[in-house]
Amino acid sequence: MDKTFDPRAIEARWRDTWERSGWFAPQGSGAPYSIMIPPPNVTGTLHMGHAFQHTIMDSLTRYHRMRGDDTLWQPGTDHAGIATQMVVERNLKLAGSSRLDLGREKFVEKVWEWKKYSGDTIENQIRRMGSSVDWSRKAFTMDPSYSEAVIEHFVRLHEDGLIYRGKRLVNWDPVLQTAISDLEVVQEEKDGKLWHFRYPLAGSARTQDGLDYIVVATTRPETMLGDTAVAVHPEDERYKHLIGRKVKLPLSDREIPIVGDDYVDREFGTGCVKITPAHDFNDYALGQRHKLPIINIFTHTAAINDEAPAAYRGLDRFEARKRVVADLEAQGLLAKIDDHKLKLPIGDRSGVVVEPYLTDQWFVDLTRKTLDDGRPGGWTAITEPAIHAVEGGSIKFVPENWSNTYFHWLRNIQDWCISRQLWWGHRIPAWYDADGNIYVARNEAEVRSKYQLPDDLPLRQDEDVFDTWFSSDIWPLATLGWPQETPELKKFYPSSVLVTGFDIIFFWVARLVMMGLKLHGDVPFREVYVHGLIRDSEGQKMSKSKGNVLDPLDLVDGISLDELLKKRTTGLMKPETAPKIEKATRKDYPAGIEAVGVDALRYTFASLASPGRDIRFDFSRAAGYRNFCNKIWNATSYVLMNCEEQDPNPDGQAWLSEADRWIISRLQKVEAEAAEHFRSYRFDLLAQTLYQFVWNEYCDWYLELTKPTLRGDNDSAKRGTRRTLLRVLEAILRLLHPLMPFVTEDLWQRVAPLAGKAGPTIMLQPYPTAQPEKIDETAEADVEWLKAFILGVRQIRSGMDISPKITLPLLVQDAAAADAERIARLAGSITALTNVQEPLLLAAGEEPPVSATSLLGSMKILVPMAGLIDKEAELARLRKKKAQTESDLAKNLARVSSEKFVNGAPPEVLERERARIAQQRQELAALNEQIGKIEAL
RNA sequence: GGGUGCUUAGCUCAGUCGGUAGAGCAUCGCCCUUACAAGGCGGGGGUCGACGGUUCGAGCCCGUCAGCACCCA
């Protein structure tokens with residue numbers, strides 16, 4: 001066995017073996033267990049969040065597979081319409097080309113090339129992390145069969161009257177030139193201005209103060225070119241007499257009405273609001289109420305169009321704003337400019353301000369109770385069942401409180417705009433004839449037969465594609481073969497759990513539930529495990545533009561500072577931020593990043609996966625778990641060294657020591673805890689429990705305790721210890737395997753045969769379960785006593801600064817019968833672990849020599865001081881102990897002297913408290929006596 | 001404005017049933033002891049954000065406030 005654990009070699013060895021052997025595919029006769037991967041976008045590479053999420057899913061998958069469940073982890077990727085199209089467009093731009101240069105067909109070919117590259121990268125990353133997905137079922141949201149399912153999805157909803165096409169105000173991204181949904185718009189607060197303009201009153205109208213104009217306040221002056229009214233509050237004393245009169249809209253030379261509407265906030269601005277129905281959601285609604293004309297003044301790129309006065313045509317919206325303000329000022333119509341904080345709607349992909357824009361789009365009805373023809377509307381048929389599924393417990397959120405987020409969104413849901421003016425995505429299966437009639441069916445042939453159209457009637461398919469989420473919302477169905485009733489669909493739907501981030505509860509989780517129920521009549525999963533976000537060590541979100549991203553594989557393999565700098569500073573959207581990023585990177589990783597291996601990285605993620613909490617990624621944790629892997633490696637090395645070919649008769653009679661029975665007993669409890677932690681998705685506690693058991697109990701104590709036995713000459717005891725060493729280690733490897741698959745597999749191959757286990761892989765071995773009959777409280781108590789005894793001796797040695805090489809004499813005073821019995825029984829362990837001579841029991845009343853002392857209950861552990869010990873050091877040690885004891889005692893005395901406590905606390909608490917006090921008094925007396933003796937020297 | 005979460009050791013975080021606060025990393029001392037120096041042994045380090053309430057007893061339950069983060073409008 002190699003001297004040191006080398007993750008790279010181990011990982012390479014097992015990755016391929018597992019996959020080639022077909023062990024990732026569902027098998028086993030147990031209950032079906034399935035997880036659908038949230039398909040990563042083919043926009044590039046996987047980040048830390050994916051690695052984290054995949055660690056959790058793989059741990060669950062491996063755990064259930066080991067439990068014998070028929071386990072499927074379904075892999076795949078998402079075409080991610082807008083996001084991927086943007087990436088490819090950016091690449092084209094760098095190459096001096098553009099989407100429009102290429103044309104649709106060629107462009108889509110380019111995207112497919114990119115998809116191949118990105119998809120392969122992602123697959124490779126998933127493989128590297130040890131994720132045991134069933135590659136034979138790999139899916140992509142634009143696979144032919146998947147596309148068919150998406151079309152089926154649309155057509156069925158359409159047939160149920162739940163899809164409509166309409167001219168609506170939608171969020172328009174002027175850079176991407178497509179509609180986007182409400183969810184794809186983020187509100188950002190910015191410092192802006194509030195401009196006050198004078199709008200002249202038409203005819204003889206005058207304000208109360210006799211002025212011939214009113215002042216409107218706006219944050220968007222350029223939209224005044226599309227104003228079709230000014231609104232005031234109907235009960236606003238200042239203006240209500242003007243309702244029904246008109247103003248002369250400056251610059252455009254149109255007369256527009258003054259309307260009264262209680263949407264107007266009298267306190268805000270001047271109380272007069274300019275109304276632009278074509279470019280503001282509130283104004284649009286108000287316009288509908290007052291039957292105002294709608295004047296669209298923008299082109300698709302948010303430049304001013306020909307509806308506006310000639311002077312402004314062709315200007316970009318921000319240029320137009322400047323011009324409008326300047327022109328109004330020149331005409332003396334600019335009253336004032338205030339500073340103002342405003343919320344800007346930003347496209348989450350393009351990062352530019354989106355415009356409310358009037359276009360024809362496809363929508364899913366999610367809000368109507370009943371359709372005009374009496375059939376159930378979207379609210380009844382889609383939204384409400386999704387709410388009920390969680391209310392009624394068919395789906396459980398973990399942690400539970402995320403269900404509130406889910407409910408809140410669904411209860412306030414809007415209809416969903418599902419068409420996108422993109423080239424990359426599923427074409428909408430709708431056709432138009434020359435008169436603009438719309439036909440929806442699965443393909444053109446079906447359209448003709450369904451609507452009985454003549455063969456020669458020219459039809460044109462809709463140019464638009466679906467919102468990506470409209471295809472991913474059937475992921476669990478489509479990957480299992482829906483709309484066909486495949487055996488896989490029957491077996492693995494609903495899936496067991498969805499592992500996902502809270503950021504896509506709306507985008508994806510809610511829609512999965514809605515469509516799963518609508519299209520297949522059952523929920524898509526039983527539980528939703530919602531994990532936190534991975535942040536950097538400062539708590540910042542990781543993003544390329546901040547330059548704080550980490551590639552999980554760079555932690556696995558390590559990376560030099562130069563390489564890391566290069567990765568972080570090339571291809572930036574804003575190259576000017578590079579120096580800042582470089583500085584921060586040099587500070588955080590002055591020597592680059594050391595390799596920790598996959599297992600350690602996975603263990604780190606698990607240990608930080610506390611519910612309802614984001615993760616600040618801390619490299620030192622990963623380094624710590626790398627050390628943990630090494631620890632396991634070395635412990636195995638010790639076990640093998642002591643067990644391989646050591647016993648000519650390994651099946652002979654075996655006697656189990658206290659230590660053997662103790663570690664076996666502890667193992668049972670750990671196994672029970674592990675099961676509970678898996679059940680409750682507490683990967684952090686699972687990681688902690690196993691770490692603690694392996695390092696602090698198995699390695700620190702048990703392995704040390706086996707040494708004297710194995711050096712001894714009692715064959716039956718040696719056999720018992722060897723057997724225990726092997727069996728517990730073998731169980732440990734299985735316990736750890738879901739979290740750290742590689743090193744456990746590698747070690748298991750060597751340990752298992754010696755532990756009487758056979759099989760080609762640890763992956764298919766049963767996960768250890770507790771056997772309560774092996775719990776041995778007596779052995780546990782013995783070893784706890786032994787540990788306390790040994791600690792007492794070690795404290796003396798360390799406190800006195802005595803070299804570990806010196807074998808100390810050891811006396812024991814005031815030993816109770818039980819202590820004496822234990823000392824006799826466990827003396828071998830004591831002498832071996834503390835380098836002392838056999839402890840000598842002092843008879844009652846026998847006066848010991850002056851000694852350094854530790855207390856264990858009423859018993860004193862004594863190391864004679866003659867020639868060894870620094871008097872002052874021992875005094876200091878004893879006085880410190882005394883001070884501690886006195887302080888504890890005082891606190892406890894205060895408590896029991898309180899009448900309230902005595903009367904109120906349950907008897908067993910009172911009893912425990914009194915026992916504690918007695919114990920502390922005894923200790924204090926012993927300490928005082930000892931201090932006195934040493935002082936007298 | 002509404003909502004959610006967080007605040008515990010220098011740092012990153014656990015803390016289950018309300019019963020004297022734990023881990024890793026960092027730190028200090030001793031030690032290259034035959035599994036492991038990526039290590040062993042021992043130690044130090046806490047007003048559990050603040051205030052109030054409930055309780056015999058509060059890190060934990062309730063209320064108010066402060067700070068931070070996120071979501072929604």
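Below, chain A is the first sequence line, B the second, and so on; all start at residue 1.
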Atom-pair distance (CG on N627(A); P on rC36(B)), nearest Å: 15 Å
Min side-chain heavy-atom separation V751(A)-L640(A) under 4.5 Å: yes
Shortest non-hydrogen separation from R616(A) to L608(A) and the atoms involved: O-CD1, 4.4 Å
Span that lies between the C1' atom of rG10(B) and that of rC28(B), in whole angstrom: 14 Å
Atom pair distance, as rounded to whole Å: CD in Q688(A) and C1' in rU12(B): 13 Å
Pairwise P distance, rA73(B) and rC68(B) [rounded to whole Å]: 23 Å
Polar pair under 3.5 Å, donor/acceptor by atom type, side chain N892(A), base rU20(B): yes
Base of rU12(B) paired with side chain of R621(A) (donor-acceptor, under 3.5 Å): yes
Consecutive-pair stems (at least three Watson-Crick or G-U pairs, under 3.5 Å) that include RNA chain B: B:1-7 with B:66-72, B:10-13 with B:22-25, B:27-31 with B:39-43, B:49-53 with B:61-65
Separation of rG22(B) P from D684(A) CG (nearest whole Å): 19 Å
rU54(B) versus rC61(B) - spacing of their C1' atoms, nearest Å: 8 Å
RNA chain B: 5'-proximal contact among Y625(A) and R682(A) (nearest heavy atom): R682(A)
5'-most by nearest nucleotide on RNA chain B - L791(A) or D888(A): D888(A)
Gap between atoms NZ and C1', on K805(A) and rC31(B) respectively (whole Å): 8 Å
Same-atom distance (P) from rC60(B) to rA9(B), integer angstrom: 15 Å
Geometric cation-pi criterion K669(A) and F693(A), 6.0 Å radius, 45° cone: no
Nearest-Å distance once atom P is located in both rA26(B) and rC11(B): 15 Å
